[in-house]
Protein chains: 4
Amino acid sequence: MPRPRSDDKRKRILNAATRVIVTQGLSAPTMGIAKEAGIANGSLFTYFETKSELFNQLYLELKQEMASVAMKDFPTEADLQEQFFHIWRNWGNWAVRSPEKRKALAQLTVSEEITSETRIAGHRLMSSIGELLERIRSAGPMRKVPMSFVIALMNSVADATMDQMIQDPKHAKTHCKNGVEALWRMLA
Amino acid sequence: MPRPRSDDKRKRILNAATRVIVTQGLSAPTMGIAKEAGIANGSLFTYFETKSELFNQLYLELKQEMASVAMKDFPTEADLQEQFFHIWRNWGNWAVRSPEKRKALAQLTVSEEITSETRIAGHRLMSSIGELLERIRSAGPMRKVPMSFVIALMNSVADATMDQMIQDPKHAKTHCKNGVEALWRMLA
Amino acid sequence: MPRPRSDDKRKRILNAATRVIVTQGLSAPTMGIAKEAGIANGSLFTYFETKSELFNQLYLELKQEMASVAMKDFPTEADLQEQFFHIWRNWGNWAVRSPEKRKALAQLTVSEEITSETRIAGHRLMSSIGELLERIRSAGPMRKVPMSFVIALMNSVADATMDQMIQDPKHAKTHCKNGVEALWRMLA
Amino acid sequence: MPRPRSDDKRKRILNAATRVIVTQGLSAPTMGIAKEAGIANGSLFTYFETKSELFNQLYLELKQEMASVAMKDFPTEADLQEQFFHIWRNWGNWAVRSPEKRKALAQLTVSEEITSETRIAGHRLMSSIGELLERIRSAGPMRKVPMSFVIALMNSVADATMDQMIQDPKHAKTHCKNGVEALWRMLA
DNA sequence: AATGAATGAGTTTTCATTCAT
DNA sequence: TATGAATGAAAACTCATTCAT
């Protein structure tokens, strides 16, 4: 019978946090995030028990988005390369469309606030991409390299590419292509 | 900004900061750093005007070390690949020998405390490596890709490689080799 | 101040408050009290306008109980000493039976939340005991001592006795007897 | 070489706390105490690690004062009664002279912030008085009553007496006398 | 009336930086 | 110059109370 806890408000806080993190970093006061979300500072803690909890959930939310964005219109029938390039293009588009999310995720990823449980959960979200990568790797020159290393390499190249695209959005498409091709040479 | 008396003390602070950053992150209190350096908290500020200044200088110091380490025993007469591999091996050894420095540098690199002036200065330190990379790039498939992007890619692959080596030091050598070869496929 | 609907719920809150005060002190959050009472935190404020109001009413309620317990089976025909000892025994039994109430009352008594109006009302509840005490005093060595002081002394000795009984319930009866006898020597 | 930590300042904080506790209770903000002491809020924590620590030390300090005040001009050669009355008079004078200290101590005594270690240390400070009391008890009607109970009774009567003296300072002397005599009847 | 979300003032403690010694 | 006490502005979180439902 009381006001129900609004999922919309939760999302608003998460979005506010994303924006604030980009401009102020992870040390941004919770009060700023609350203000940006248009709520009272105390209310933030109705939705997230601690600041750390907020960050962990945001990390997951963004990873989730990155994972689902990646699979948009996935060409099930295409060959490996086309499938991988498809994902890559999706990522690129997302990064250009939502540079703030990309940047916030980058910050969260290197933060110590994110627990290893959260990180593991985040990786699980990416598992379908991991499988694709596995298939690519197993046929190429990195077939003997540990998968974890290959994933790390892909992530680092993807990050560098997205950063480049965000920095120079005019040639985003070209950078995107350059990035995958470079990675493809590495892997396949 | 008169040079403070004891350059040795300055170094001690920098080293202490490195160690403390690894365990506590960049939000570590200056007092902890001072204690680790064996001096009073107030004294730290005779050597570095602000905490931010300390971090910027540490960044530079570590970049400097990475740059000079890279060029150790540089084989002037060897071919491009051997020259590049040489640098890479030097980096790998350094990362394994001084994982703390590597980790601290990684943290500083993503921090907002580091000003763009500092970053630019940091890149300048790497210029000789940049030139080598430039020569490698200009002959390979990335010849049309902007140099800044190529540098970013190299850095990201190098970081991923060093992280892997630190995490699994038993196979450090193999990871090191896998890393360069992957990068080489990308570039040359 | 319209009487709230359910008097039962009011009692439940009061009882919950008693229990919570014992374990958490007077700074216990109202929410904890509400939860202990099995109601929503907001609901508490339909029954008591403020936390302070709740505490004042609880004080009165407990004083009331102490007063009525004291007069249980009062031996109208007995002599003064027997009458007084009767009351004292009743108190002792109550303290051992309801140590929580005793402890909560002790806390409330020293609290600044309890207004002087409430304290006066509390004393009024004790008036019949006061009268008995008055008769005892007027015949003994304290006949020149102000009544308020005598009451204070009785209360303090009673409190000390009840605390002792609660702490060492095995010899409760003995402590109870020791307490009155001591008091009686003081007064009569 | 830096400003030495001033013992005077420590005392000033303790005194400020005493005054503030009397008017605002134990929930008084530390900032108020600091302001009353004429120092910055943060400075308080140079002298006392936490608010709780401050309270525990204050408790001890006041107990200490009560103990040493009690023994002032102690008549070593006098008989038990005169010795005891002497202590009592000293307490009474102290209570009238420093009603704030008396009140603050009363508040602290019932507070849950005071650890049992602190309480034990406090009791130790009173040990010489305890010994005297022991000798008095062992010869009188309470010789079979546990010492802890006797101490509690003495304390409670002393508290009631001091309160009365503070409330009605004009007849302080009389109240003081009435108090001891009452207690003496109880004990001896 | 009952619920529990919303509010925002208030609290303790931390910490970069300053400054007396 | 070195020291560490002094400063005071945060910052995260709490909680009595209000209010929409």
Side-chain angles (χ1 to χ4, degrees), chain A residues 1-6 9-10 27-35 37-54, chain B residues 2 4-6 9 27-35 37-55 113, chain C residues 2-6 9 27-35 37-55 113, chain D residues 1-7 9-10 27-35 37-54:
Chain A
M1 242 195 284
R3 259 171 293 195
R5 201 181 290 196
S6 128
K9 201 162 288 184
R10 203 188 99 95
S27 61
T30 53
M31 204 182 148
I33 297 175
K35 195 174 287 174
I39 60 170
N41 63 65
S43 299
L44 190 149
F45 295 92
T46 320
Y47 290 85
F48 304 94
E49 288 206 1
T50 63
K51 191 187 186 183
S52 199
E53 175 73 9
L54 165 59
Chain B
R5 266 331 124 77
S6 152
K9 205 165 282 183
S27 61
T30 52
M31 210 185 131
I33 297 174
K35 192 175 291 173
I39 61 170
N41 67 69
S43 301
L44 190 149
F45 293 91
T46 0
Y47 291 87
F48 303 93
E49 289 205 0
T50 64
K51 191 186 187 184
S52 200
E53 174 73 7
L54 163 61
F55 282 172
E113 295 289 358
Chain C
R3 288 270 148 216
R5 269 328 126 77
S6 152
K9 203 163 286 185
S27 61
T30 51
M31 210 185 133
I33 298 175
K35 193 176 290 174
I39 61 170
N41 68 68
S43 302
L44 190 149
F45 293 90
T46 15
Y47 291 86
F48 304 93
E49 288 206 1
T50 64
K51 191 187 186 182
S52 200
E53 174 73 7
L54 164 61
F55 281 171
E113 295 288 358
Chain D
M1 238 193 288
R3 260 171 290 197
R5 202 182 288 198
S6 126
D7 203 52
K9 202 163 287 181
R10 202 188 100 95
S27 61
T30 52
M31 204 180 149
I33 297 174
K35 196 175 289 175
I39 59 169
N41 65 66
S43 300
L44 191 148
F45 295 91
T46 319
Y47 289 86
F48 303 94
E49 288 207 0
T50 64
K51 190 186 186 182
S52 198
E53 175 72 8
L54 165 61

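Proteins get letters first, then strands, A, B, ... in listed order; numbering begins at 1 in each. Worth saying up front: this structure is predicted, and the values here are computed from it rather than measured.
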What are the two closest heavy atoms between A40(D) and A34(D), and how far apart are they? O-CB, 3.9 Å
Gap separating the CD1 atom of I39(B) from the OH atom of Y47(B), nearest 0.5 angstrom: 7.0 Å
Run the side chain to side chain donor-acceptor pair (under 3.5 Å) test against S52(B) and tell me which residues pass, sequence neighbours left out. E113(B)
Check every strand shown and say whether K35(A) touches a base, only sugar-phosphate, or nothing at a heavy-atom separation below 4.0 Å. nothing
Looking across every strand, which nucleic acid part, if any, lies under 4.0 Å from F48(C) by heavy atom: base, sugar-phosphate, or nothing? nothing
What's the shortest heavy-atom distance between R5(D) and T46(D), and which atoms? NH1-O, 2.9 Å
Which heavy-atom pair separates E53(A) from E49(A) by the least distance, and what is that distance? CG-N, 4.0 Å
Using a 3.5 Å limit for the pairing distances, which stems of at least 3 consecutive Watson-Crick or G-U wobble pairs does DNA chain F take part in? E:2-21 with F:2-21
Check the distance between dA5(F)'s P and D7(D)'s CG and give it to me in whole angstrom. 13 Å
5' to 3', nucleotides 12-18 of chain E under a 4.0 Å protein heavy-atom cut-off (B base, S sugar-phosphate only, - none) gives SBBSSBB
Residue-phosphate contact under 4.0 Å: K9(C) side-chain N/O, dA1(E) OP1/OP2: no
For dA5(F), does OP1 or OP2 lie under 4.0 Å from any side-chain N or O of T46(D)? no
A40(B) side-chain proximity, nearest of dT3(E), dT3(F), dG8(F): dT3(F)
Look at the side chain of K51(B) and the backbone N and O of P29(B), then say whether any donor-acceptor pair between them is shorter than 3.5 Å. no
Grab the CG-P distance between L44(D) and dA6(F) for me, whole Å please. 11 Å
Where I33(B) and L44(B) come nearest, the two heavy atoms and their spacing: CG2-CD1, 4.0 Å
Which atoms form the tightest heavy-atom contact between F45(D) and T50(D), and what is the distance? CE2-CA, 4.2 Å
Side-chain N or O of Y47(B) versus OP1/OP2 of dA2(F): is the shortest distance under 4.0 Å? yes
Just how far, in rounded Å, is C1' of dA5(E) from CZ of R10(A)? 16 Å
